[in-house]
Amino acid sequence: MLDLTYETPEPKVIAGAREDWEIVIGMEVHAQVNSTAKLFSGASTQFGAEPNTNVSLVDAAMPGMLPVINVFCVEQAVRTGLGLKAQINLTSAFDRKNYFYPDLPQGYQISQLYHPIVGEGEVLVDMAPGVARLVRIERIHLEQDAGKSIHDMDPAMSFVDLNRTGVALMEIVSRPDIRGPEEAAEYLRKLRQILRYLDTCDGNMQEGSMRADVNVSVCRPGQYEKYQETQDFSHLGTRCEIKNMNSMRFIQAAIDYEARRQIAILEDGGGIDQETRLYDAAKNETRSMRSKEEAHDYRYFPCPDLLPLKIEQAWVDEIQAGLPELPDEKKARFVLSYGMTEYDAGVLTGETANAAFFEAVAEGRDGKTAANWVINELFGRLNKEGLSVGVSPVSATQLGGLIDLIAKGDISGKIAKDLFEILWTEGGDPAQIVEARGMKQVTDTGAIEAAVDAVIAANPDKVAQAREKPALAGWFVGQVMKATGGKANPKAVNDLVRAKLGG
């Protein structure tokens, strides 16, 4: 295991006109379940399909149509709960959440209020190398998504696309343990990473597969500690919910704006209305959407069309046994097995594809060298070109072959960079390219000595200076490397230059 320090979250303190204030944040993350079929029907969940083509009779709420639970979606929720070290409830139940909107054909959403499928869990949020903060998960429940209202196709009418209606969502509800905008973004980033490792949500925020409702309140210093002691939410101030956030950067900006808005109101002697707000990125402000609803506003009651959901502990154990290695465990293994820094391990384990690529390169080779080439050369070039590792022009086999040539002394670090460029633009086998293009490092000490002697003989004034100031020997090394086209073994050049100048 990594030697982590678990810190109590440090509050983000904002200075008001008269007093200091602290931010308190809780998040409700809606993660679309990775499933080809919806939660209660067999309709497709394909993104980007023609409007209203992925709609079954159940999704359209035709009379007499009854929901049938998609067992795979239940399994995905259990996997997610286990990945977040959460309690799995063997008995859960669905409720109807009643509200009326054009993109909700039934006039209600099937959700889980009273008996969710997953109970309390946790997420360790990486804030700095060796430092993690614990954010508690209160619950995860399954629910249907609503459709989409489209308002910009006609000046006089709105349109409705029901393709998303009935798509399975996991709502992951945190405790108000997040203490600042940066921590909120890191929490969502870590949660997204875990879900992608588990393959229970693709985390594609641009497509709406993952979005967050962010609850923000402000309180005086010391009030959060009182809440921790008493679990009395009144110590945290009145919260406002910012709906449907799908960008880490916008989440940070929205929290900062909303906190300052609330502080200004309170310091002017006003009160905060508990409400739902939207964030306008163009204006960098939140604005009121509606008063914040409570459970009684939705008139929740048990869904009469669905029996309580009962699962077996043996099935949960089977799912547990099939879990992949998760980010924290993989990161710890990389540090211990490959001797790399925690920072490098974090970069390499950010995505499962990145980690797999690195392990293929590192197999049978020095882990630190492999990490340096993957992170600095490959990832650096991929980022520059806007590519993912899945479409890298340089394969793990090619990069591993390049590293082997360095280890054998066939090429120097400089030649290796030239070789990497060739592999990137032309492809091919590294060893064959080096042989065919005469790129092999010169290791013949006789040839290197002749080059050193030639440079020394041509620069007698520099020789005298270097003998007085040994640091100037580097100039001779550079000239020899230049004369040999960068092919001379750098160590041999260094040794010979220093020996000859020392005389």
Ser56 side chain to Asp59 side chain, donor-acceptor N/O pair below 3.5 angstrom:
yes
Less than 6.0 Å separating the ring centroids of Tyr279 and Tyr257?
no
Strictly below 4.0 Å, N to O, side chains only: are Arg299 and Asp95 in salt-bridge contact?
no
Say whether Asn34 and Thr200, considering side chains only, have a donor N or O and an acceptor N or O under 3.5 Å apart.
no
Mark yes or no for whether Gln144, through its side chain, and Gln109, through its backbone, hold a donor-acceptor pair below 3.5 Å.
no
Ser209 side chain vs Gly203 backbone, donor-acceptor pair below 3.5 Å:
no
State whether Arg277 and Glu258 are salt-bridged, where the test is any N-O pair (Lys NZ or Arg NE/NH1/NH2 against Asp/Glu carboxylate O) under 4.0 Å.
yes
Is it possible for you to check whether Lys97 lies under 6.0 Å from the centre of the six-membered ring of Tyr298, through NZ or CZ, and within 45° of that ring's axis?
yes
Strictly by modelled atom types, are Gln252 and Asp256 linked by a side-chain donor-acceptor pair under 3.5 Å?
no
Answer yes or no: is there a donor N or O on one side and an acceptor on the other, between the side chain of Asn163 and the main chain of Asn54, under 3.5 Å?
yes
So that I know where these two stand, are Phe100 and Tyr108 an aromatic pair - ring centroids less than 6.0 Å apart?
no
Does a side chain donor of either Arg164 or Gln32 reach within less than 3.5 Å of an acceptor in the other side chain?
yes
Going from CG on Leu336 to NZ on Lys331, what distance comes out if it is rounded to the nearest 0.5 angstrom?
12.5 Å
